[in-house]
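For reference, the structure discussed in these notes is given below.
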Amino acid sequence: TGDPDVPEGKFKPVLYSGNAGTKDILCGFAPDLVWLKAREAGAITSHGLYDTLRGPGTELYSDLPNGTTSAVTALTSFNPDGFSIGSNNMINDGSNDYVAWCWSAGDTTVTNNEGTIQSQVRSNGDFSIVKYTGNNTLSTIGHGLSSNPKLIIAKSLNSENDWAVYTEAVGTSSFLALNTAGGVIDSTGVWGDGASPTSTVFTVGDGNQANYSDEMIAYCWAESPTQSFGTYEGNGSASAGPVIDVGFAPAFVLIKSASFDNWFVFDTARQTSTTYPQLRPSTEDRETTSASQNVKLTSTGFTLLGDDTAVNGSNTTYIYAAFAGTTTRFDADDPGDVAAFNTVKAGLDAYPASREKFRRSLLTSVVTSGLSSQQKVYLLTEGSDGQALESGPFALSGWFPLYDSEEVSDSVSTNGESHSHTIDGIEYFMPDAGQTLFHGTYDERDTGTESSSSSSSSSSSSSSSSSSGY
């Protein structure tokens with residue numbers, strides 16, 4: 001959100017369009033877990049999961065019990081600022097659009113001997129990827145987190161077993177299966193029956209789901225200021241549904257009924273101010289939107305807008321996981337960022353290296369030589385239909401400023417009116433008229449002041465630099 005007092009997560013949802021060839025996808029950091037899914041009509045394909053401990057070229061499917069599959073043309077490399085993909089049509093068909101959910105797990109993989117089974121662990125303290133060899137015997141596994149995990153998702157890599165999901169609410173005598181629409185499954189053999197995860201290890205039983213006698217992978221998350229795990233009770237109301245406060249603006253929310261139905265994912269990359277598309281990790285189905293299942297991500301959590309039993313049945317318990325996103329920032333001290341910014345500022349359709357960089361982020365915090373490091377201006381591209389552009393080429397008619405306050409936005413709009421966009425769960429206001437290509441009055445949000453520049457709408461006039469604005 002640009003507020004220095006609000007911590008940023010180690011997660012980001014990113015949208016991209018397939019090209020049936022090769023493609024570099026940027027998320028602004030080095031991802032360690034990448035979860036990909038096709039969105040469009042006809043995109044009836046599995047979810048693909050890739051991580052740095054297994055390495056590129058292999059994939060798992062959240063909607064299937066299958067083990068690892070070789071996929072050398074799928075995710076081909078993990079990069080310092082994102083990842084690369086090949087021509088695999090599940091994640092790069094030329095006629096489909098995709099979403100990538102990306103998590104960072106730090107920059108080092110270490111051997112962990114905290115448990116009775118040795119593990120390889122990559123962790124940033126809040127999220128870890130754990131690889132180990134199971135033994136079908138009650139055992140403990142070191143997870144590398146800074147506190148006890150609240151969510152664990154485990155999978156056998158070379159056998160056909162259900163995904164095993166642990167949450168504190170479900171406990172260790174039961175589990176949920178990520179690849180099914182079923183409810184809680186009673187089983188004392190998966191998570192050790194009574195031995196809750198500690199700050200150093202989690203326990204696995206003799207079941208195949210989390211402790212098969214072969215290679216296993218586990219994704220583990222701890223509670224933190226940027227990720228939250230818990231439950232809520234549905235009330236069956238579409239007009240006054242539950243309001244869940246997680247203490248931050250989530251960029252991704254995962255929901256599952258403890259009793260029945262599919263898993264659901266909502267994220268800010270796909271959500272708009274009026275539409276709330278969903279994807280279901282437990283099915284290969286394409287992205288859909290259903291008013292009765294709408295979940296709105298907000299600045300403090302999420303709100304249930306539908307009354308369907310899948311997300312808001314009366315007296316039904318639901319499990320959720322919420323993750324804050326990471327905002328991409330462009331630094332005036334970085335020559336590449338400045339050159340890219342100035343080229344876009346000039347309205348030129350010639351920024352090959354930076355074009356992909358700039359279109360990655362719907363919400364962008366730009367620091368220029370004309371503003372101090374605490375003065376950030378938020379800008380957005382908008383299509384001819386008034387919708388925020390989340391993918392595809394820029395609308396070269398301009399980038400537009402966003403404001404926290406509708407009153408401020410109205411005051412700088414030449415017709416005195418504004419409209420809103422909800423981004424990362426926060427409602428921002430955009431003037432209806434008179435501000436294009438970095439011209440006009442901008443709200444320097446972190447200082448509470450305003451900076452004026454010319455309000456000309458000519459693209460050619462924006463190519464000159466100015467120390468006082470854009």
Side-chain angles (χ1 to χ4, degrees), residues 13 37 39-41 43-44 47 62-63 99 101 150-151 165 167-170 174 176-185 227-325 387-388 390 420-427:
K37 181 65 178 81
R39 303 170 55 206
E40 300 302 304
I44 309 301
H47 297 244
S62 68
D63 52 297
V99 63
W101 300 312
K150 297 300 178 109
L151 173 66
V165 179
T167 70
E168 194 171 51
V170 170
S174 306
L176 287 164
L178 184 64
N179 54 291
T180 74
V184 171
I185 302 167
Q227 48 197 48
S228 178
F229 312 93
T231 64
Y232 65 88
E233 292 295 314
N235 64 13
S237 172
S239 59
V243 177
I244 314 303
D245 187 345
V246 300
F248 56 84
F252 173 105
V253 171
L254 173 70
I255 292 173
K256 175 73 175 75
S257 163
S259 305
F260 49 78
D261 223 299
N262 285 294
W263 298 77
F264 292 84
V265 169
F266 301 86
D267 64 66
T268 52
R270 296 175 298 124
Q271 187 172 109
T272 72
S273 59
T274 57
T275 60
Y276 313 96
Q278 56 176 258
L279 283 166
R280 297 186 287 274
S282 42
T283 78
E284 61 180 8
D285 293 347
R286 65 179 179 85
E287 177 181 288
T288 60
T289 300
S290 170
S292 64
Q293 297 175 344
N294 279 349
V295 176
K296 179 181 180 179
L297 276 56
T298 69
S299 60
T300 56
F302 58 98
T303 301
L304 280 299
L305 303 181
D307 56 6
D308 193 285
T309 56
V311 294
N312 189 22
S314 182
N315 299 316
T316 301
T317 300
Y318 298 86
I319 293 153
Y320 73 82
F323 300 90
Q387 293 298 307
E390 299 178 2
S420 66
H421 291 288
T422 299
I423 304 171
D424 287 345
I426 301 174
E427 186 174 28

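Heavy atoms only: backbone and side chains are in, while hydrogens, waters and symmetry mates are out. Along the sequence shown, the residues carry numbers beginning at 1.
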Discussion item. Looking at A240, is its backbone amide N or carbonyl O close enough to the side chain of N235 to form a donor-acceptor pair, meaning the two atoms are under 3.5 Å apart?
Written reply: yes
Response to the item:
Looking only at heavy atoms, the pair that brings G182 and L176 closest together is O-CD2, 4.3 Å
Worksheet, complete the sentence: Heavy atoms of K256 and A181 approach each other most closely as NZ-O, 3.9 Å
Worksheet entry | Close side-chain approach of L151 and Q227, heavy atoms under 4.5 Å | no
Practice prompt. Rounded to the nearest 0.5 Å, what's the gap from NZ on K150 to CD on E168? Could you check?
Written response: 3.5 Å
Worksheet item: What distance separates T309 OG1 from Q293 CD, expressed to the nearest 0.5 Å?
Response: 8.0 Å
Worksheet item: Knowing that exactly one of N179, D261, T180, N262 qualifies, which makes a side chain to side chain donor-acceptor pair (under 3.5 Å) with S282?
Response: N262
Worksheet item: When you measure from the side chain of Y318 to the backbone N and O of G313, does any donor-acceptor pair fall under 3.5 Å?
Response: yes
Worksheet item: For the residue pair F302 and Y320, does the interplanar ring angle fall in the parallel (under 30°), tilted (30 to 60°) or perpendicular (over 60°) class?
Response: perpendicular
Worksheet entry | P281 side chain near L254 side chain, heavy-atom distance below 4.5 Å | yes
Response to the item:
What one should report as the nearest heavy-atom pair of V265 and F252 is CG1-CE1, 3.3 Å
Worksheet item: With a 4.5 Å heavy-atom cut-off, do F266 and P250 have their side chains touching?
Response: no
Worksheet item: Any side-chain heavy atom of R280 within less than 4.5 Å of one from W263?
Response: no
Practice prompt. Over all heavy atoms of both residues, which pair between E284 and D63 is shortest? Give the atoms and the distance, please.
Written response: CB-OD2, 3.7 Å
Response to the item:
With sequence neighbours left out, the residues meeting side chain to side chain contact (heavy atoms under 4.5 Å, CB included) with S259 are S257
Discussion item. Using side-chain heavy atoms (C-beta onward) and a distance below 4.5 Å, is T289 in contact with N294?
Written reply: yes
Fill in: Aromatic contact, F323 with F229 (centres under 6.0 Å)
yes
Discussion item. Looking at every non-hydrogen atom in both residues, tell me the closest pair between L304 and V311 and how far apart they are.
Written reply: CD1-O, 3.6 Å
Discussion item. When you measure from the side chain of N312 to the backbone of S237, do you find a donor-acceptor pair of N or O atoms at a distance under 3.5 Å?
Written reply: yes
Item to complete: Return yes if some donor-acceptor pair links the side-chain N/O of D267 with the main-chain N/O of R270 below 3.5 Å, else return no.
Response: yes
Worksheet, complete the sentence: Correct closest heavy-atom pair for D307 and G236 would be CB-O, 3.4 Å
Item to complete: Keeping the roles fixed (side chain from T303, backbone from K296), state whether a donor-acceptor pair exists under 3.5 Å.
Response: no
Discussion item. Taking the side chain as everything from C-beta on, heavy atoms only, tell me whether Q278 gets closer than 4.5 Å to I255.
Written reply: no
Item to complete: Apply side chain to side chain contact (heavy atoms under 4.5 Å, CB included) to D245 and list each qualifying residue two or more places apart in sequence or on a separate chain.
Response: T300
Worksheet item: Is there side-chain contact between V253 and L297, with heavy atoms separated by less than 4.5 Å?
Response: yes
Fill in: Point-to-point distance, once rounded to the nearest 0.5 Å, from OG1 of T298 to CD of Q271
9.0 Å
Worksheet item: Between E233 (side chain) and P242 (backbone), is there a donor-acceptor pair under 3.5 Å?
Response: no
